[in-house]
Structures are given as C-alpha cells and as structure tokens.
Amino acid sequence: MRWSNLFIPTLRDAPADAEAASHKLLVRGGFIRQLHAGHYSLLPLGLKVHDKVAGIVRHEMNAIGGQEFLLPAMHPASIWRESGRWEVMGDEMFRLEDRKGAELALGMTHEEVFTSLALEISSYKALPQIWYQIQWKFRDEPRPKSGLLRVREFAMKDSYSFDVDRAGLDRSFDLHHHAYVRIFDRLALPAIPVEASSGAMGGSGSTEFMVPSNAGEDDVIRCPTGDYAANLERATSMLPPIADRTELVDLTRLATPGIRTIAALGEIEHGAPAVHQIKTMVMVLDGEITLALVRGDHQLNIQKLLDATGTTELRPATPEETVEHLGASPGSLGAVRVEGIRIIADEILRGRVGLTTGANEDDWHYTGVSVERDIAVDQWADLRNVSAGEACPNCGAGLELVRCIESGHIFKLGTKYSEALGATVLDPDGKNVPLVMGSYGIGIGRAVAAIAETHHDDHGLIWPVSVAPYEVVITIVSMKDDASVAVAESLYADLRARGIDVLLDDRRARAGVKFADAELIGVPYRVTVGPKALADGEVEFTDRADGESSRVTCQAITDLVAGAVVSAR
RNA sequence: CGGGACGUGGCGCAGCUCGGUAGCGCACCUGCUUUGGGAGCAGGGGGUCGUGGGUUCAAAUCCCGCCGUCCCGACCA
C-alpha cells in the first residue's frame, strides 16, 4: 500500500490519560482510538495486526483439529439460567431487554451456547470434538484500563472440547496447551504457563499463560530454576517450621490497652512475635459471617478463600457486623471459643500451640492458645499469600514474584455445563454419560497489547514480523528525486509480486518525518531509497529491532528483503 | 463501590486564584524558501471552554447538580 493513501493518524504526543506503554504507542501510532471507556475503535493499522494475531491463533487451532464456528453475541437469559450463571455473573454481564420485554445478555463467554449445540452429539463415536470461534465478548468491567489490555468489548478466541471421559479431556487439554505454546511462540510473547485458579468458570484445573510485564494485573510466583510457576492465587511454598512457644500452655487473658495491630502486639511485654500470632479476618461469604485465620505475619489471599469455600460473593465484614457477631472491634478479634460462626484456618496453623490472638473484647488478647484445643476450626485450607523469597515447593530455591499479563487461560471444566444443559452421549456400554468439557481462551486484542508492551523502544513499536501491520516499509527520502522514485516503485512492485506485505512511503514529507513515523508504527524492516546511496547503485536496509543499517545493491535488495521476511514469519 | 485528579479546536497545554467577548505548541490549508532524522518565514481555517441550572450588567473563570475520563484501592474466566 501507498502511505499517501492510507489513514495512519500518528501523533507526536500521547493522550494525557494513557499510562501503559502499549496504550500510548498504539494510540500514537494510529492503531486505535478510544470511543469511550473500555471501547476502542481499531483503525486500519490496528485491524491488520489484530487480524494477523487472529490468523495465527486460527492456524494453530485448526492444526489440533479445531473447527471454527461463529455463535451469536447476544443470548437469551434462559440459557444462562439453565447453567446457573445468570445470577453468578452479576454486574459483569451486560443485560438488556428487547421490545417484547424478553431478557437478553451480551455474551461474556460461550460455554452455554456451545454446549447447547453439543446436545446434537449423541454417541461417543463422534468424540472428541474441538470447537472454537473468534467472537466479540462483552464484559462490564468495573474498571477498564490500559488501552486494549482491559476493555469491555473485545475479540476472543474461545474453544471448547468435548470428550467421553476424563482421559479424553486430559488429551484435549494437552493439545490446547501445546497449541498455546506454539501460538505465543509465533506471537513472540514469552508466556509462562502457570497453575491458576478456576474462579467462576468452575472445573478441576486450569493453566494460565502469563506474559511478564509491569503493565499486567496478575502476580505470578515463579522458581528461577523453572520447575515451578503458579498464579499467586494458587501458589504455595515451603516455610521453615516455627518452634512453638511451648511454655505458654494455659489459655491466659492478657490486658492489651490500645493495642490494635500485629506489630504493636509484638512489642509489648508478654506480647508475641507475629509468627506466634493468629490474624483473624472477618469476612462475609455469600451472606454468611466467616472467620478466616492466618498466621500473624501472613496475608489472606481472597481468591484462595473463594476457591476453598466455593463462594461466589465475598466481602469484608463491616465494623458494625464485626462488633455484632464477635463483640469487639478489629484489633482485638480472635476465634478462641467462638461458636456458631464458620471458621476457616490456614494449614500452617494446624497443630500450633502457645499462640496469641484477640479475645473478642476490646483491649484484651489471649496467650497460650492451642489451635486444636481452643478453636473449633470447621475447615483447613491454604489461605495465605506466598511472598517472594520463600522456598520453592519443588526444589527449595528462592521464589520470585513477577507481574504478568494474563494472555491465555485453559480450563478443565468437567461436566458442569453438560450436566446443567443435559448434553450426554452413549458410551461404549450403552450408558448415558455427560460430555466431559474443557474451555480455552485467548484475548486477541489483549495479545496485541501484550506484544506492544513487550516489543517497543524509545522510538516506538517493534512488531515481530509475524504480526507486523506491514513487513517492510520503503522510505523514499525525496519525492523530487525521480531516480529514487523509480527505484522505489520497482522494488515495491517486485516485493508485492513476491507476496511481501510492503508499505511504500510516498508521502511528500521530509525524510525525518518518514523515519520517525516508520519507527513509531514499528515496521520490522525498512528500505531507504535516497540519492546518497543511489549514486552508488545502492539502497539502505535497516532492521527496526537493532537499528542496524547496511548498504545493499539495487539488484540484491529484493532477495534480501524477501529472505529476511519469509524466514522471520 | 471507596479515595484522588481532570474535562478549554484532532493531540499536548496556558488562561480560572483576582469575572470583562479565548490563547500557545504540534497538526491542518496557501505561498515562498528549505530538503537524509519530527524545517524556516509569511498568511489562513478550525473551539456550544463536558453539560444543566444559579449568581452577575457581564461567567472558561464564582456556586450547585449531573455526565464523562484517568489514577489508586476494591472487584474481575
């Protein structure tokens, strides 16, 4: 294409409200424009990248036997009621009514609709099936942010596997895992597969593909040796055992006037170091007051509590609720001899004695607490946040904490949706069994942003050839130099004939402007045609990634460019 | 939802404290010069100052409501 005919509105300044590098550069480079919060228009350049990413995803899905569908974006409420998610999804689902007053939703994911199609599978002989689509999803995110990274309307590749049993699901899951590795490899995204929480999707296991970036919103715990990686919501670690203060045998009340924090309680006479304290968090799980107990120096991980209890809605109790149920205010709370309230405790507290905790009376604590003897724990679970530096559960090395963009997520769903919608098949024994399902997602726009986030420098974007809006740009230094124009036009025609995605910068602009724009929009290779080199029968070839330039003869340039592009695709 | 900030041509900003008919840079148009890293000079076009109301002779500016956008937190396949 000829730049002079294209709509590529580059900006010298990024909008003031852009924060993330990908956001600034995608706007500055003329790839996207915001319509309103969480909704972006893809401009021609942005759509080209988006299409190329989708094309790679599509190719790899087809390679594992996936079949492409296109399902409606708007769904009747009934199908979401059948799965129980009409209520579960809460405010995150866009809901509307049609003229007849029928309730509708904009799809945020498509388990229900795909499963309804799977009702037509009636025999195990038709399995396995892998179905996918690339379709727009709508989610009423509480806080859209960072350009394309978190939006309310976005294209997603979502696929679904249907198998007759768990072993089949494991195979389909592995196929997807490998396809995802290939996809992220081709996208040049250094995605780390990590153990993850299944959240509201339900199911038995899930893996996220996480791209390290400080623009991300997820924390990953990773072992530097590479033998362990998990979302903080799932991560575990080995902790050195704590020697209990066994001299504190008897449950004893301790006056602690004005002491409200773990730290303060560690400093007073007869106080206790944080590792010998129990932190008591009062939470409301689906409307039920619950005490969550962790060690004094630990932090409660909300997602772990949700997962351990199967809760859909969780919030901290209000100060009023806390006083009503426990008789004291935060700072003096504990679970000792508490009855009639659900108590969930972190595994690390199991068997501990000689502990200190609040006495549920302002300004009083207990010491000598034995967890087994004094606290009626209803459920033990891993509830604590892992911190950087703790020991890897596999090898003991110090764990690191990495901020990441969640770029893909694959789930073993099991039979939750097939049972809810009655999607069953006859197995070899003639028995009716529910389909065993998996679901697998990659956000296309988020992948575009993640690539931008990880492939840029001070001058602009540096697209990998696989997704670049154009593979090469021919920059004509001076449109008034007829020889330059002729050589550039000839090269342009040759490269197009070779199937190269080439952009001819034929604008009547100064060379500096053209160089700066080419770098901003991140075209991986540039051929500069100008009188200087042309006097020697040469042009310049520049690699955007390293900035290296070389002189190449006019005869050799076509092969060189085509070779570089094709090998990098 | 809690906290904070901001809404003035396409983008970046000043003007607001102390009310008096809107300005700068970039971009855009015309001309001349320039021409290998975001040119110079001259001329020019473009703004219901987010919105509704109030105060006032007079409101971008003061007051109130609303809307929108961004950031932090909460939340979030």
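Throughout, protein chains are lettered first and strands after them, A, B, ... in sequence-line order, and every chain is numbered starting at 1. Scope of the values below: all heavy atoms of this structure, side chains included, with no hydrogens, waters or symmetry mates.
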- Message: Contact between Tyr525(A) and Val561(A) at the side-chain level, heavy atoms closer than 4.5 Å - yes or no?
- Response: no
- Below 4.5 Å, heavy atoms only, C-beta onward: do Tyr180(A) and Thr207(A) meet side chain to side chain? no
When rounded to the nearest Å, what value does the distance between [atom1] atoms of [N] and [M] take?
{"N": "rA42(B)", "M": "rC26(B)", "atom1": "P", "result": "12 Å"}
{"N": "rG37(B)", "M": "rG20(B)", "atom1": "C1'", "result": "47 Å"}
{"N": "rU56(B)", "M": "rA60(B)", "atom1": "C1'", "result": "16 Å"}
{"N": "rC16(B)", "M": "rC11(B)", "atom1": "C1'", "result": "23 Å"}
{"N": "rG65(B)", "M": "rC70(B)", "atom1": "C1'", "result": "22 Å"}
{"N": "rA14(B)", "M": "rA58(B)", "atom1": "C1'", "result": "23 Å"}
{"N": "rG68(B)", "M": "rC28(B)", "atom1": "C1'", "result": "28 Å"}
{"N": "rU21(B)", "M": "rG3(B)", "atom1": "P", "result": "39 Å"}

Roughly, in whole Å, what's the span from [atom1] in [X] to [atom2] in [N]?
{"X": "Asp219(A)", "N": "rC75(B)", "atom1": "CG", "atom2": "C1'", "result": "15 Å"}
{"X": "Leu35(A)", "N": "rG68(B)", "atom1": "CG", "atom2": "P", "result": "13 Å"}
{"X": "Arg150(A)", "N": "rA74(B)", "atom1": "CZ", "atom2": "P", "result": "13 Å"}
{"X": "Phe515(A)", "N": "rU35(B)", "atom1": "CZ", "atom2": "P", "result": "16 Å"}
{"X": "Ile521(A)", "N": "rG38(B)", "atom1": "CD1", "atom2": "C1'", "result": "15 Å"}
{"X": "His39(A)", "N": "rU69(B)", "atom1": "NE2", "atom2": "P", "result": "9 Å"}
{"X": "Glu92(A)", "N": "rC1(B)", "atom1": "CD", "atom2": "P", "result": "15 Å"}
{"X": "Leu149(A)", "N": "rC70(B)", "atom1": "CG", "atom2": "P", "result": "13 Å"}

- Phosphate-side-chain proximity, Gln303(A) and rC75(B), N/O vs OP1/OP2 below 4.0 Å: no
- Query: Just checking, Lys137(A) and Phe154(A): is the charged tip under 6.0 Å from the six-membered ring centre and within 45° of the axis?
  - Reply: no
- Item | Lys NZ or Arg CZ of Arg544(A) over Trp463(A) ring: under 6.0 Å, within 45° | no
Strictly distance-based, threshold 3.5 Å: is any side-chain N or O of [X] a donor or acceptor partner for the main-chain N or O of [Y]?
{"X": "His178(A)", "Y": "Asp174(A)", "answer": "yes"}
{"X": "Arg28(A)", "Y": "Leu11(A)", "answer": "yes"}
{"X": "Ser407(A)", "Y": "Ile405(A)", "answer": "yes"}
{"X": "Glu406(A)", "Y": "Glu208(A)", "answer": "no"}

- Query: Ser83(A) and Glu112(A): side-chain donor and acceptor closer than 3.5 Å?
  - Reply: yes
Would you indicate what [X] reaches in the nucleic acid, counting non-hydrogen atoms under 4.0 angstrom: base, sugar-phosphate, or nothing?
{"X": "Glu217(A)", "answer": "nothing"}
{"X": "Arg446(A)", "answer": "nothing"}
{"X": "Asp517(A)", "answer": "base"}
{"X": "Pro531(A)", "answer": "base"}
{"X": "Glu519(A)", "answer": "base"}

- Along RNA chain B (nearest heavy atom to each residue), the more 5'-positioned of Gly38(A) and Lys532(A): Lys532(A)
- Item | Of Ala511(A) and Asp218(A), the one whose closest RNA chain B nucleotide lies more 5' | Ala511(A)
For [N], the Watson-Crick or wobble counterpart (both distances under 3.5 Å):
{"N": "rC11(B)", "value": "rG25(B)"}
{"N": "rA58(B)", "value": "none"}
{"N": "rG46(B)", "value": "none"}
{"N": "rU34(B)", "value": "none"}
{"N": "rC1(B)", "value": "rG73(B)"}
{"N": "rU17(B)", "value": "none"}

- Checking side chain to side chain donor-acceptor pair (under 3.5 Å) for the pair His39(A)/Gln34(A): CA distance, chi angles, key distance, verdict? CA-CA 6 Å; His39(A) 301 263; Gln34(A) 182 181 41; over 6 Å; no
Side chain of [X] (C-beta onward), nearest among [options]:
{"X": "Lys145(A)", "options": "rC72(B), rG37(B), rG38(B)", "value": "rC72(B)"}
{"X": "Arg510(A)", "options": "rA39(B), rU69(B), rC72(B)", "value": "rA39(B)"}
{"X": "Arg526(A)", "options": "rG36(B), rC76(B), rG37(B)", "value": "rG37(B)"}
{"X": "Ala533(A)", "options": "rG36(B), rC76(B), rG38(B)", "value": "rG36(B)"}
{"X": "Ala37(A)", "options": "rC76(B), rU69(B), rG38(B)", "value": "rU69(B)"}

- Message: Test salt bridge (charged side-chain N to carboxylate O under 4.0 Å, His left out) on Glu233(A) and Lys304(A); report intermediate values, then the result.
- Response: CA-CA 6 Å; Glu233(A) 297 171 346; Lys304(A) 284 183 174 178; over 6 Å; no
- Query: So does Arg143(A) reach the base of rC75(B) with its side chain, donor to acceptor, closer than 3.5 Å?
  - Reply: no
- Using only heavy-atom distances, decide whether a donor-acceptor pair under 3.5 angstrom links the side-chain of Arg28(A) to the base of rG38(B). yes
- Between OG1 on residue Thr109(A) and CZ on residue Phe138(A), distance to nearest 0.5 Å: 13.5 Å
- Query: Does the pair Asn231(A) and Glu195(A) meet the rule for a side chain to side chain donor-acceptor pair (under 3.5 Å), with working shown?
  - Reply: CA-CA 6 Å; Asn231(A) 193 304; Glu195(A) 294 175 26; over 6 Å; no
- Query: Going by heavy atoms closer than 4.0 Å, what residues in residues 286-293 of chain A are next to RNA chain B?
  - Reply: none
- Message: Heavy atoms within less than 4.0 Å of RNA chain B: which residues of residues 476-486 of chain A have one? Give them sorted by number.
- Response: Val477(A), Lys480(A)
Between N or O atoms, less than 3.5 Å apart, protein on one side and nucleotides 10-14 of chain B on the other: list the pairs.
from	atom 1	to	atom 2	distance (Å)
rC11(B)	O2'	Asp13(A)	O	3.1
rG12(B)	OP1	Ala16(A)	N	2.6

- Query: Between Arg152(A) and Asp140(A), is there a side-chain N and carboxylate O pair less than 4.0 Å apart?
  - Reply: yes
- Task: Using the salt bridge (charged side-chain N to carboxylate O under 4.0 Å, His left out) rule, take Arg507(A) and Asp517(A) through it: C-alpha gap first, then chi angles, then the decisive distance, then the call.
- Result: CA-CA 11 Å; Arg507(A) 293 175 297 168; Asp517(A) 273 346; 2.9 Å; yes
